[in-house]
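Below is one structure; the comments refer to it alone.
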Amino acid sequence: MSKKDLARVYEPREIEMKWSQRWLAGEGFAADARSKKPAFSMVIPPPNITGSLHLGHALNNTLQDIMARYKRMRGYNVLWLPGLDHAGIATQNVVERQLKEEGLTRQTLGRERFIERVWKWKEESGGTILGQLKRLGASCDWTRLKFTMDEGLSRAVREVFVSLFNEGLIYRADYIINFCPRCHTALSDLEVEHEERDSFLYHIDYPLKEGGGITVATTRPETMLGDMAVAVNPEDDRYKHLIGSTVRLPLVNREIPVIADRAVEAAFGTGAVKITPAHDFNDFETAKRHGLKPLTVMDDTARMNENAGPYRGLTSLEARERVVNDLKEAGLLKKEERYRVPAGLCYRCGTVVEPTLSKQWFVKVAPLAKPAMEAVREGRIRFVPENWERTYFDWMLNIRDWCISRQIWWGHRIPAWHCRDCGHITVSREDPRGCGRCKGGNIEQDPDVLDTWFSSALWPFSTLGWPEKTPEEEAFYPTSALFTSFDIIFFWVARMIMMGLKFKGDVPFREVYIHALVRDAEGQKMSKSKGNVIDPVVMMDRYGTDALRFTLAAFAAQGRDIKLAEERIEGYRNFANKLWNLARFTLMNIAGEGGDEKAGQRELTDADRWIITRLSSCIEEVSGSLDRYEFDRAANAIYSFVWHELCDWYVELIKPDLRGEKGEKRKQASADILLGVMKDTMRLLHPFMPFITEEIYSYLPDVTPGIIKEGFPEPPPKYPGEAAATTVVMDVIRAVRNIRTEMNIPLSTALDCLCFSKDPAARRALELGEAYVKSLARVSVLKVSGEGERPVDAAFAVVGGGGGVEGIAGIEVFVPLKGHVDIAGETSRLIRGLEKVERELAGVEGKLGNGDFLNNAPASVVEKEKEKMASLLEKKVKIGAGLERIRGLKG
RNA sequence: GGGCGGAUAGCUCAGUCGGUAGAGCACAGCCCUUACAAGGCUGGGGUCACAGGUUCGAUCCCUGUUCCGCCUACCA
């Protein structure tokens, strides 16, 4: 027996824990910055320290891991660098929530103690996702784990900020920004999600000082308190005469002008728009065009401020209610029209954001965007699939300045100091002792921190040690590939490209693979509130990590979202089980009875040559697909090879050989081939299913331990002729099986089988494959002839030829039934077959009868059609003869 | 409004030089054949959304239409 036996049942849990521990204890995943091997490097999209593994992470990291393991096996010096993101707003929210439970706030704690508290939380429970990634099998170089708030990475942030500031690419300005009243901070445009909601379009009469009035339409009546003008289109005949007149703003009795602006659509609403520069993005722009001063009516807690007069202290919703009521009472509310309004929501907490005028820090993006677009246009960065380039260009072309200051405490504090005496702002790499201008010591650091994405943008080089010069940077920058999903192309990918080009003078990665978003079986986004979340950790518990990984890979078709249902994972768990049993079978049959593996002495059968040929194609397909990021194709190629070729056919074919029916030598040879195929298959599959393949591999004899260190299999030479011969045997087996089923003949009844073929190659194939036919079709006597008397009392089929195997003519297969032929059943079976042949024949004849086809189609296509017609005709004649015989039997 | 993607078997999807379609799951029948019932064997199932065009020939290329997603945008 084999050196060890595998457990009877496939139990992923234990196996996974075992290998996970061994891998992490070993050095297998560590990259070597001084290696002479070609480098392949990736930086992980750093998950939040607050996060836990969801399917998006699972997919993202499974694909990266497949690539990392594949490249390692192909001989690359692989760096897959892991890390975490400090997630400013999200993390601050978590800790603030904790404080609240203790009856504390960050303000009562003070900035310093609050930050200490966040660090403490980070050490204790931040980054649970790292353990989950390890469980997923992620073969990161864990010795190089980085965090965006690490000292080195923070230095990179500071270096970049100061450089950009000195170049004038970072500036501070009063500008309208999105403010989240719950998170109490400014957000960038990208951090706002848009959603339509049911609301009203309010039509409000604004009285004119000169008498009469003008009706404006608005979705946000409460902001009228900050109106600085009413705008109409200059071409609008209804209002032309009012341009330049004065409106007396209701409720607050402020006088504002009527102005003309082309941006106003005469056709919408009443054609008159109220202009609230401090609380609406468009109005802000309009006001700038007309030199109007903004008036803020909300404070930084999003409550109405002193400028809102009697409404002071109200939230915007409360204010809206009161304003609408008051307008009604004053008889100024003309109409409330049902209307879908776009709402901006904070991407972190979903609260409706308030556009507010405020003083913030910005990055001037246009000068950075230009080279970033060129890099993609010139192909120095390639998007896969490439249609995402268009999305990237669209955004980069219309890019707006990036608001980078956040009014929170957790993050990289802005390295700018305000002088209380002279007002000068000192921006410095080192903490300054005094004001850069008046040299006074009365300075205070800006209280804001930077957008988390600001540090993420530096990730591909800050993690490699920049701004220090390091061997890592030398060896691994630019990184080879970045794996991410499309929803963060703007947030992250674009910004990394800009920063990489700016500060490293080279692209941050050569290829960007954009993978799918995982949705539920109905195509809905998974979300906790919908309750349709599939938890990858639960799936790993239930079906094993390998099954989850394989499922994700098999569904990762480019350009399409993944709709995932639990049954899929179960299906691939079954595949893992199939593999397990294949391994058990292999081990049972590669008896250690002095099996010599001298390849030269092995005599290969057609079946051996067939499986080797199929394996070879499979290896080519898998490596080719992986090189093109076609994970689904690669996974499916292995699946169908293992299940439908190796298990369904090869293992069944060689069972008689393994039983020793053809002698000891053949038995050994078959076992050797099977073992060889198994070894290659495990290595081929390893990137996808690392645990089970590592386990099985460790049981195979004569392997160096650690499949991880093995190379990726090379495709062996193919044997097309012998492979074709084997498919002839398979066709005959299938034909007999079909007859057996349709004639309702139990397996226990042995059958005879007679095959006629004019083709010597076909006859030879069947003679060599006699044992296979006998074994798999349960045939006791197989006779193969070129010509002769066709049996009358038999079921009949024609196989081969036709669209089947090239160069091998049709084979007539007879199963004598000794008076038990079900004449009706057999007749209808043959007629069905005949009809099918005739249908195909009609198509082919149509083509060949068409002069245009013969003249215009390429010769090879015409030739192919002619061959097809010949074999179909042959088949038709043979089936026709079979029908005649049956009819004769009847009479 | 602009952009991108999708529409192929009951479901989920392949189909990368144009030559009348494949897989998995589900379904039906038979089978505990000593690797595996998380299995085996056999089978049924399709106007490739619709309408035009190019072509000898279109699921594939072009145009338009319908429906469905997503991204993006200053009709308040």
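Here is how names work: the chains are called A, B, and so on, in the same order as the sequence lines, proteins then strands, and each is numbered from 1. Every heavy atom of this structure was used, including side-chain atoms; hydrogens, water molecules and symmetry mates were not.
- Using C1' as the reference atom, B:C56 and B:U42 are 40 Å apart when rounded to the nearest Å.
- Nucleotide B:U12 forms a pair with B:A23, judged by Watson-Crick or G-U wobble geometry with both contacts under 3.5 Å.
- An OP1 or OP2 oxygen of B:G43 is reached within less than 4.0 angstrom by a side-chain nitrogen or oxygen of A:N738.
- Dashed line: the shortest gap from a side-chain N or O of A:R737 to OP1 or OP2 of B:U42 is under 4.0 Å.
- A:Y339 comes within 4.0 angstrom of sugar-phosphate atoms only, judged by non-hydrogen atoms across all strands, and of no base.
- Look at B:G18: it lacks any Watson-Crick or wobble partner with both distances under 3.5 angstrom.
- OP1 or OP2 of B:G40 sits under 4.0 Å from a side-chain N or O of A:W643.
- Nucleotide B:C50: paired with B:G64 (Watson-Crick or G-U wobble, both distances less than 3.5 Å).
- Using the Watson-Crick or G-U wobble rule with both distances under 3.5 Å, B:U59 pairs with nothing in any strand shown.
- Under the Watson-Crick or G-U wobble criterion, with both distances below 3.5 Å, B:C70 is paired with B:G3.
- Taking both residues in full, the closest heavy atoms of A:G269 and A:A217 are given as CA-CB, 4.0 Å, listed atom of the first, atom of the second, then distance.
- Using P as the reference atom, B:C62 and B:U54 are 15 Å apart when rounded to the nearest Å.
- Only the C1' atoms considered, B:A9 is 32 Å distant from B:U33, to the nearest whole Å.
- Taking atom CD1 on A:I488 and atom C1' on B:C70, their separation rounds to 17 Å, with Å as the unit.
- OP1 or OP2 of B:A76 has not a single side-chain nitrogen or oxygen of A:H203 nearer than 4.0 Å.
- With hydrogens and angles left out, the side chain of A:E630 and the base of B:A14 share no donor-acceptor pair within 3.5 Å.
- In terms of heavy atoms, A:M869 sits closest to A:L848 at SD-CD1, 3.8 Å.
- In this structure, A:I745 places its CD1 atom 18 Å from P of B:C41, rounding to the nearest Å.
- If you check every strand for non-hydrogen atoms under 4.0 Å, A:P342 touches sugar and phosphate atoms only.
- Nucleic acid contact for A:E652: base, since at least one base atom lies under 4.0 Å from a heavy atom of the residue.
- Within the structure, a side-chain polar atom (N or O) of A:R390 is placed less than 4.0 Å from OP1 or OP2 of B:C4.
- The phosphate of B:G40 (OP1 or OP2) has a side-chain N or O of A:K578 nearer than 4.0 angstrom.
- Taking the P atom of each, B:A49 and B:U8 are spaced 6 Å apart, rounded to whole Å.
- Remark: A:K868 is in phosphate contact with B:U20, judged by side-chain N or O atoms under 4.0 Å from OP1 or OP2.
- Within 4.0 Å of A:G269, counting heavy atoms only, lies no atom of the nucleic acid at all.
- One finds a salt bridge joining A:E235 and A:R262 here, because a Lys/Arg side-chain nitrogen approaches an Asp/Glu carboxylate oxygen to under 4.0 Å.
- Contacts between residues 849-861 of chain A and RNA chain B, counted as heavy-atom distances below 4.0 Å, involve A:N850, A:D852, A:F853, A:N856, A:A857, A:P858, A:V861.
- Across the protein-nucleic acid pair, A:L658 atom CG and B:U33 atom P stand 20 Å apart, rounded to whole Å.
- Nucleic acid contact for A:T391: none, since no nucleic acid atom lies under 4.0 Å from a heavy atom of the residue.
- Using a 4.5 Å heavy-atom threshold, the side chains of A:V273 and A:F268 count as separate.
- Checking A:Y206 against A:D227 by side-chain atom types alone, a donor-acceptor pair falls below 3.5 Å.
- Taking atom OH of residue A:Y392 and atom C1' of nucleotide B:U72, one finds them 17 Å apart after rounding to whole Å.
- Among the atoms of the strands shown, none is found under 4.0 Å from any heavy atom of A:F575.
- Residue order along RNA chain B, read from the 5' end via each residue's closest nucleotide, puts A:R778 first among A:V273 and A:R778.
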Result block: side-chain N/O donor-acceptor pairs under 3.5 angstrom for residues 570-581 of chain A, not counting sequence neighbours:
| residue | atom | partner | partner atom | Å |
| --- | --- | --- | --- | --- |
| A:W580 | NE1 | A:A7 | O | 3.0 |
| A:N581 | OD1 | A:R584 | NE | 3.3 |
| A:N581 | ND2 | A:N577 | O | 3.0 |

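- Aromatic ring centres of A:W643 and A:Y639 lie closer together than 6.0 Å.
- You'll find the ring centres of A:F688 and A:F631 outside the 6.0 Å limit.
- Looking only at atom types and distance, the side chain of A:S860 has no donor-acceptor partner in the side chain of A:E863 under 3.5 Å away.
- Base engagement by A:V264 is indicated by at least one non-hydrogen atom pair under 4.0 Å involving a base atom.
- Taking atom C1' on both nucleotides, B:U65 is separated from B:A7 by 14 Å, rounded to a whole Å.
- Residue contacts for A:R734: at a heavy-atom cut-off of 4.0 Å it reaches the sugar-phosphate backbone alone, with no base atom in range.
- The distance between atom CD of A:E645 and atom P of B:A23, rounded to the nearest whole Å, is 13 Å.
- Taking the C1' atom of each, B:C13 and B:A26 are spaced 14 Å apart, rounded to whole Å.
- When distances run from any side-chain atom of A:K847 to the nucleotides B:G19, B:C71, B:C4, the shortest one goes to B:G19.
- Atom CZ of A:F585 is separated from atom P of B:G39 by 18 Å (rounded to the nearest Å).
- Here, B:G44 and B:G10 have their C1' atoms 12 Å apart, quoted to the whole Å.
- Within the 4.0 angstrom heavy-atom criterion, no nucleotide atom of any strand lies near A:N744.
- Straight-line distance between the P atoms of B:C32 and B:A37: roughly 14 Å, to the nearest whole Å.
- No contact: A:V341 has no heavy atom under 4.0 Å from any strand.
- A salt bridge does not link A:R832 with A:E835: none of the charged nitrogens is closer than 4.0 Å to a carboxylate oxygen.
- At whole-Å resolution of the value, OH in A:Y347 and P in B:C71 are 16 Å apart.
- A:M743 has its CE atom 16 Å from the P atom of B:U42, to the nearest Å.
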Problem - side chain to side chain contact (heavy atoms under 4.5 Å, CB included) evaluation trace for A:M224 with A:Y202 - result: CA-CA 11 Å; A:M224 69 171 288; A:Y202 300 88; over 6 Å; no

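- Here A:N398 does not reach the OP1 or OP2 of B:U72: none of its side-chain N or O atoms lies under 4.0 Å away.
- Counting any heavy atom pair closer than 4.0 Å across all strands shown, A:R573 reaches a base atom.
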